[in-house]
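Atoms within a ligand are numbered from 1 in the order they appear, just like the ligands themselves. Only heavy atoms go into these numbers, but all of them, side chains included; no hydrogens, no water, no symmetry mates. Fair warning: this is a prediction, and the values are worked out from it, not measured in the lab.
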Amino acid sequence: MNLDELSRLYDFSGRTVVITGGAGILGGEMACALVGCHANVAILDRDPALAERLLARIPTSVGRFIIVYGDVTDRDKLVAARDRILAEFGKVDALINAAGGNNSRATTGPAASFFDLPPEALRGVFDLNLVGTVLPSQVFGEVMARQKSGVILNLSSMNALRPLTRIPAYSAAKAAVSNFTQWLAVHMAQEYSPQIRVNAIAPGFFLTEQNRFLLTDAETGNLTARGQKILAHTPMGRFGSPEDLLGAVLWLLSPASAFVTGAVIPVDGGFAAYSGV
Ligand SMILES: NC(=O)c1ccc[n+]([C@@H]2O[C@H](COP(=O)([O-])OP(=O)(O)OC[C@H]3O[C@@H](n4cnc5c(N)ncnc54)[C@H](OP(=O)(O)O)[C@@H]3O)[C@@H](O)[C@H]2O)c1
């Protein structure tokens, strides 16, 4: 291996990558990086207007991208999105399941005990994170099964390893995403092709819209007690920034990880490794 060969592994020219939740903070960062590495990127989100905020920073001179409407909890809408993506790019080489998140109504706290969390809020979190990973894996994984090659990358979380306080549904849903990652990796390799790989990353703590209300005070912007505890438990002493994920994402999508499947890779500043002592 030399530097030229290494660079070629990360040249995504002619490869199509679908990113669900691609208009979000983390998915959007991945979209920009992949277009920058010459991929054809389909940004799939339930509010495509949001993806327009990426237009200012997406490197348009290299890879190509399209913005496609899709709801990861609705199979028919995903099939329509798949048809549009295939019409545009002709194939799907990789899927990143980045749509996901918690819901403040499924979070315990002074206003709501565990016993009062509304069933529809709990179901919504399972639907978005688990069903919203399984359905796109069916719809786009079928294309990969026909092609006999492809890569699926799921977004798990630190709370899949050990649940965090206050967010029971989100913790359980992400644990299920990690479990499903391993299941699908085995199934795809044995039933369709060993050239179809399925992995996940488990990000630590990245300050984004879905957790800002838990980690910072809305009025002062200061860290909440929970935010302070997280930083105290992160050996690197900071929150992640979206670009911190890119090394792991590009590696798992590229042939550099050709023998890696069923893995869940923490990108967490050491959070998972630290016992607290
Ligand atoms: N941020 C963190 O610290 C962290 C840590 C670990 C794991 N993660 C995971 O990383 C992934 C991305 O998180 P993020 O922080 O980038 O969140 P984000 O900014 O909220 O991005 C998620 C995107 O998914 C979209 N979305 C929501 N429901 C959808 C649906 N049914 N169909 C299609 N798109 C939908 C959202 O649209 P709306 O804005 O309209 O809801 C948003 O654009 C999630 O799976 C999250 O659980 C995040």
Could you tell me whether [X] approaches ligand 1 through its side chain, its backbone, both or neither, with non-hydrogen atoms closer than 4.0 Å?
X: Leu44; result: neither
X: Ala98; result: backbone
X: Ala202; result: neither
X: Asn102; result: neither

Is there a heavy atom of [X] sitting under 4.0 angstrom from any atom of ligand 1?
X: Glu29; answer: no
X: Gly132; answer: no
X: Gly204; answer: yes
X: Thr20; answer: no

Check this for me - ligand 1, [X], N or O atoms closer than 3.5 angstrom, yes or no?
X: Ile25; answer: yes
X: Arg46; answer: yes
X: Leu26; answer: yes

Name each donor-acceptor pair under 3.5 Å that joins a side chain in residues 261-272 to protein atoms two or more places apart or in another chain, with its distance.
residue : atom : partner : partner atom : Å
Thr261  : OG1  : Val198  : N            : 2.9
Thr261  : OG1  : Val198  : O            : 3.4
Asp268  : OD1  : Gly270  : N            : 3.0
Asp268  : OD2  : Phe271  : N            : 3.2
Asp268  : OD2  : Ala272  : N            : 2.7

- Task: Give the minimum heavy-atom separation between Thr73 and Asp127, together with the two atoms involved.
- Result: CG2-O, 3.7 Å
- Item | Of all pairs that satisfy side-chain hydrogen bond (donor to acceptor under 3.5 Å, both in side chains), the ones with a partner from residues 88-99, not counting sequence neighbours | Arg64-Glu88, Lys91-Asp93, Asn97-Ser137, Asn97-Asn154
